[in-house]
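The structure appears below as structure tokens.
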Amino acid sequence: MTEQLNARAWLLKVNELMDSAAAQKKLASKSIKIMNVCGGHERSISMAGIRNTLHPQIELIPGPGCPVCICPEEDIYQAIQLALHEDIILVAFGDMLRVPVNVAKKSIRTLQDARASGADIRPIASPLEARQIALDNPQKQVVFFAAGFETTTAPTAGLIAEGIPDNLLFLLSGRLTWPAVSMLLESGSPGFDALVAPGHVATIMGADEWQFVISQHHLPTAVAGFTTESLLAAFYSVIRQKLDDRLFLDNCYPQLVTNEGNLSAQKQLTKTMDIVDANWRGIGIIPGSGFELKTIYKQHNARIIFPDYAKKARRHIGEMPAGCDCASVVLGKKYPNQCKLYGTVCTPKEPIGPRMVSDEGACRIWWTHGMRDRS
Amino acid sequence: MCLGIPMKILAIDQFMARCEAKGIERDVSLFMLQDEPVEVGDYVVVHVGYAIQKMSEAEAIIAWQVYDEMLSLDEQTQVE
């Protein structure tokens, strides 16, 4: 779908398609539910107010599109304990510093709390900064707590493949997005009729990775970029595919996305990391959904070097804070404003659930863009 | 976390490039673009300090507009 139209023209096209006699006959007053799995998509949708302008029979569902939100609680706990009890420097992407773990009131709940109590924790914006901090502090071990989806994990792989100082370690919480979608689809009640696949994940991994949604699950799918035009083109495509019963993987972000993706990035991922079964906060173990350092890098693996802080038992403590519906929101089973904490005690200033912490979290995005009504 | 910002390459030194976007300069790694030759003057999408793909100037300008809007909204809500 490479047709060049502006946002208004795309919106008209989408809504006219929905109003067509063929569409109304086929949908029989039901809605079509389109899931996105990218926080960037959700931000663009909310920012442009797309939900308010789309045909009322189109539902846009924010899915598991936030690596901060699904980062396992036990990994954050491990990072906090490492920073508090070992003579190390812990570095992490800034978003991770505010995500709370489930501990007793007045305990240290976040990396930010740990930092305030004296731990050497530094927010970074790039793996390159982790390397620089390690080079600048050769007498100390530097642990990079690296959470992220494929787009963010690939640069970490690039850093390792290029060569890293001996004192740079990794607590890796990298995740692959497609296995989460696969798990939803195989659950038997995915809760959506079509998928908009993430543009920058596909830039790295290739659009073809999403082919399975069509071939195995027979759901319309399109890869989208982050402009209103690209997103509306993707919505138009998946609705058209559904109405015509003619499914194909549509690339609505051809400016960056190719079928095969960034081969150099993929090579570096394969060289440095294995794909393992991995826990997602609020969801559980998803087979083949995590990145872990290859054994040849074991001297750089913080889980191996500091095994005392890996508390698997924490997995049973309760994945999300009490009363928090983040798990259902991550899975697209509830909208943010259906959680009873949303906007009452959980706000971006004082977040309780991880989806209110991250810029990519649906709860924070909805609140930030003025969706204050509770459902 | 997966957003990429378009930047223009000003200078290249092996795998590192000096890049610029809207007056802000950064050092960017080209390590993940080894299969795709890049030159000074090219535009790349940068994610967490790494160039992940080339893009055209026209696309870069459109993407900047989208991100400008996102960032200004984020700033407005920081105080809330």
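- Heavy-atom distances place both the backbone and the side chain of A:A154 under 4.5 Å from chain B.
- A:E150 and A:T177 share a side-chain donor-acceptor pair at under 3.5 Å.
- Judged by distance alone, the side chain of A:R355 and the main-chain N or O of A:C363 form no donor-acceptor pair under 3.5 Å.
- Interface check for chain B: of the options A:S126, A:G225, A:P198, the most heavy-atom pairs under 4.5 Å are formed by A:S126.
- Between A:K267 and B:D35 a salt bridge is recorded (basic side-chain N to carboxylate O distance below 4.0 Å).
- At a 4.5 Å heavy-atom cutoff, the contact between A:L159 and chain B is made by backbone and side-chain atoms alike.
- The most heavy-atom pairs under 4.5 Å with chain A, out of B:D27, B:L33, B:V45, come from B:V45.
- Taking 4.0 Å as the cut-off between side-chain N and carboxylate O, B:E59 and B:K54 do not count as a salt-bridged pair.
- The choice from A:L128, A:T228, A:T227 that makes the most heavy-atom pairs within less than 4.5 Å of chain B is A:L128.
- How far OG of A:S289 is from CD1 of A:I70: 7.5 Å, rounded to the nearest 0.5 Å.
- Proximity to chain B involves both the backbone and the side chain of A:L256, based on heavy atoms less than 4.5 angstrom apart.
- Of the two parts of A:A48, neither the backbone nor the side chain holds a non-hydrogen atom closer than 4.5 Å to a non-hydrogen atom of chain B.
- The two residues A:G361 and A:C69 come nearest to each other via the heavy atoms CA-SG, 3.8 Å.
- The contact between A:Q268 and chain B is made entirely by side chain atoms (from C-beta outward), counting heavy-atom distances below 4.5 Å.
- Aromatic ring pairs are classed by plane angle as parallel below 30°, tilted from 30° to 60° and perpendicular above 60°; the pair A:F170 and A:F144 is tilted.
- Both the backbone and the side chain of A:A265 come within less than 4.5 Å of a heavy atom in chain B.
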